[in-house]
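See below for the structure under consideration.
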Amino acid sequence: MKKDISRRQFLKLGGAAAVASSALLAACKGGNKQQFEGLSTQEPPKDQMTMRVNPNTGDKVSLLGYGMMRLPVEGGLDLRDNPDANIDQEMVNREVDYAIEHGVNYFDTSPAYCRGKSEESTGIALHRHPRDKYFVATKMSNFSPDTWPKKESMQMFENSLTYLQVDYIDYLLLHAIGGSSKDKDAEETFNARYMDNGILDWLVEQKQRGRIRNLGFSYHGDVSIFDMLLKWHDEGRYHWDFVQIELNYLDWEYANEINDSNTDAVYLYGELKKRGIPAVIMEPLLGGRLANVPDPIVAKMKQREPERSVASWAFRFAGTPDGVLTVLSGMTYIEHLRDNLLTYCPLKPISKEEDAFLMGIADDIYNLNTIPCNECNYCMPCPYGINIPAVFSHYNKCIKEGNLAHVETDPKERMRDPEYWRRRRAFLIGYDRSVPKLRQADHCIGCGQCVEHCPQRIDIPLTMRQVDEYVEKLRQNT
């Protein structure tokens, strides 16, 4: 109860201690030098990728999967602010070539990624290689009620084949089951997207025709929907060839503690494992937060593995369970791809002693406060122009850097404290530099349109209001 209250009320903002920072990578976003600090420059071997076998098909799948959600953009622009910016196709081609050369053969995309541009870019890059050199995964991303009619959902699948330049999809997912939509709960939303329109049965037919080789789902949200679909699997109503879940060393036992709408990974993985359903892992780094942790945690990890990156610990943890088929990473830059290849070429499994060490790190992170935003950008675009991920990112960044000013201390004491003024200045100047004024938290009207799209189940309007209240306290010195 105490931990739950502290999480829900963290933006009372009494000056929380440092914790994991904002995401390393925003979807399809330009980068900076800090993203590459601590990454190895060593060249990975080309013939040592750890492979896992899909028991349903015999597919030999690379343990590292390429998530095509955060593709590089020409000029280093950010698609959130520049929706007309072009994907840097030449760079995507080079990175895909490098990945395949080093054993990566699983590529995951969606009609929803990169403002609808990911599938086409992925298709261009992969089509230059023999079809038997890669497995392509995409999704039935029919989130909008406009796509719920059967004809529209069918067309979404046909468009995926066209954009990806393939005759069949290796791994097709029902995208983000368990979430709700406006005026509907999670089960009503699931039924509207997949059952009432008959699209799930139609997808089963496509699998029988060979146009889909493996049918599964990705899970975000209400665990009752996850349990319901696995019950259908047990009853023989529908067979799931694989399931995609969020798994990392923080979410292993703390996902529900951090947000009671989320489900601990230990439960999700265990339910799949006992049924023999292969698990595809998403968010091994929690959107990059587990790669950019506070300095004391970095020191602990470097003391044990001085030549390895902080991110490698999270990838080793996610890849160690034997029921895991592949671990997805949204690798915008070649530096991230190279570092992850070093981790999985080959994998050094996490030992029992190392597992205990990581659970201690999870305790450290959990007992500190941050906004649990992974910068997936599902909440974007905001109809009122708020840059939601950037607002949360700046707040988390200031926690990591120790620039969260204490606004609840005694006013007279605060006014005499030079550290308060330093932190205040750093927060406010950084806020205006990283988020344009018209896109800051004070412009949120609380419409709630974003809430239903957030996989982390953040109450975004409430959190925006609390961030704005904190900013105003700093500006007014109240």
Side-chain angles (χ1 to χ4, degrees), residues 6-26 29-38 78 81 286-302 310 361 364-373 375 386-444 458 462-478:
S6 68
R7 285 284 168 179
R8 292 178 181 278
Q9 297 183 346
F10 70 94
L11 277 167
K12 294 282 186 177
L13 303 171
V19 72
S21 76
S22 60
L24 250 180
L25 301 171
K29 181 179 180 181
N32 56 59
K33 291 181 180 179
Q34 288 183 337
Q35 293 184 0
F36 310 130
E37 292 179 358
D78 186 339
D81 295 317
L286 271 176
R289 286 185 288 145
L290 298 184
N292 196 11
V293 295
D295 291 343
I297 294 178
V298 173
K300 288 182 180 181
M301 292 179 164
K302 287 294 185 179
V310 170
I361 295 294
D364 292 342
I365 294 174
Y366 172 73
N367 288 319
L368 302 168
N369 291 313
T370 189
I371 302 172
C373 172
E375 292 198 49
I386 312 302
N387 193 331
I388 299 167
V391 171
F392 293 165
S393 172
H394 176 70
Y395 181 83
N396 286 344
K397 179 174 182 287
C398 287
I399 291 177
K400 175 182 182 291
E401 295 176 350
N403 289 324
L404 199 67
H406 295 243
V407 296
E408 293 188 347
T409 56
D410 179 80
K412 292 182 180 180
E413 179 182 339
R414 190 170 67 237
M415 299 296 275
R416 294 192 299 267
D417 183 4
E419 186 63 17
Y420 164 78
W421 292 104
R422 183 194 69 77
R423 293 180 178 184
R424 174 184 179 273
R425 183 175 185 275
F427 187 100
L428 292 177
I429 291 176
Y431 190 42
D432 288 341
R433 286 177 176 173
S434 59
V435 188
K437 287 185 179 296
L438 292 178
R439 308 200 68 186
Q440 293 180 1
D442 59 329
H443 286 78
C444 174
I458 301 170
L462 172 63
T463 309
M464 280 289 166
R465 185 167 71 250
Q466 293 171 325
V467 170
D468 181 48
E469 289 173 357
Y470 173 69
V471 172
E472 283 306 304
K473 287 179 180 179
L474 289 182
R475 286 174 173 161
Q476 301 297 327
N477 281 317
T478 58

State the [atom1]-[atom2] distance between [X] and [Y], to the nearest 0.5 angstrom.
X	Y	atom1	atom2	result
Asp364	Lys300	CG	NZ	4.0 Å
Cys444	Ile388	SG	CD1	7.0 Å
Ile429	Ser434	CD1	OG	11.5 Å
Ile458	Thr463	CD1	OG1	6.5 Å
Cys398	Tyr470	SG	OH	7.5 Å
Leu438	His443	CG	NE2	5.0 Å

[X]: what forms a salt bridge (Lys or Arg N to Asp or Glu O under 4.0 Å) with it, not counting sequence neighbours?
X	answer
Asp432	Lys437, Arg475
Arg465	none
Arg423	Glu419

Check the surroundings of atom CZ in Arg425: do more than 12 heavy atoms from other residues, nucleotides or ligands lie under 6.0 Å from it?
->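 No, the 6.0 Å shell around CZ holds no more than 12 heavy atoms from other groups.
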Would you please classify the geometry between the Tyr431 ring and the His394 ring as parallel, tilted or perpendicular, with 30° and 60° separating the classes?
->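 Rings of His394 and Tyr431: parallel, as their planes differ by under 30°.
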Taking all atoms of both residues into account, what is the closest heavy-atom pair of Leu474 and Ala405, and its distance?
->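 Distance-wise, the nearest heavy atoms are CD2-CB, 3.8 Å.
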Considering residues at least two apart in sequence or located in another chain, which fulfil the side chain to side chain contact (heavy atoms under 4.5 Å, CB included) criterion with Asp442?
->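 If we apply the side chain to side chain contact (heavy atoms under 4.5 Å, CB included) test to Asp442, skipping adjacent residues, the hits are Gln440, Asp468.
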Between Arg289 and Ile365, is any pair of side-chain heavy atoms under 4.5 Å apart?
->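 Side chain of Arg289 against side chain of Ile365, heavy atoms only: no contact under 4.5 Å found.
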Check each of Lys397, Arg424, Arg422 against Asn403 using the side-chain hydrogen bond (donor to acceptor under 3.5 Å, both in side chains) test, and report the only one that passes.
->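 The single option meeting the side-chain hydrogen bond (donor to acceptor under 3.5 Å, both in side chains) with Asn403 is Arg422.
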Taking it one step at a time, do Ile297 and Val310 satisfy side-chain contact (heavy atoms from CB on, under 4.5 Å)?
-> CA-CA 9 Å; Ile297 294 178; Val310 170; 6.0 Å; no
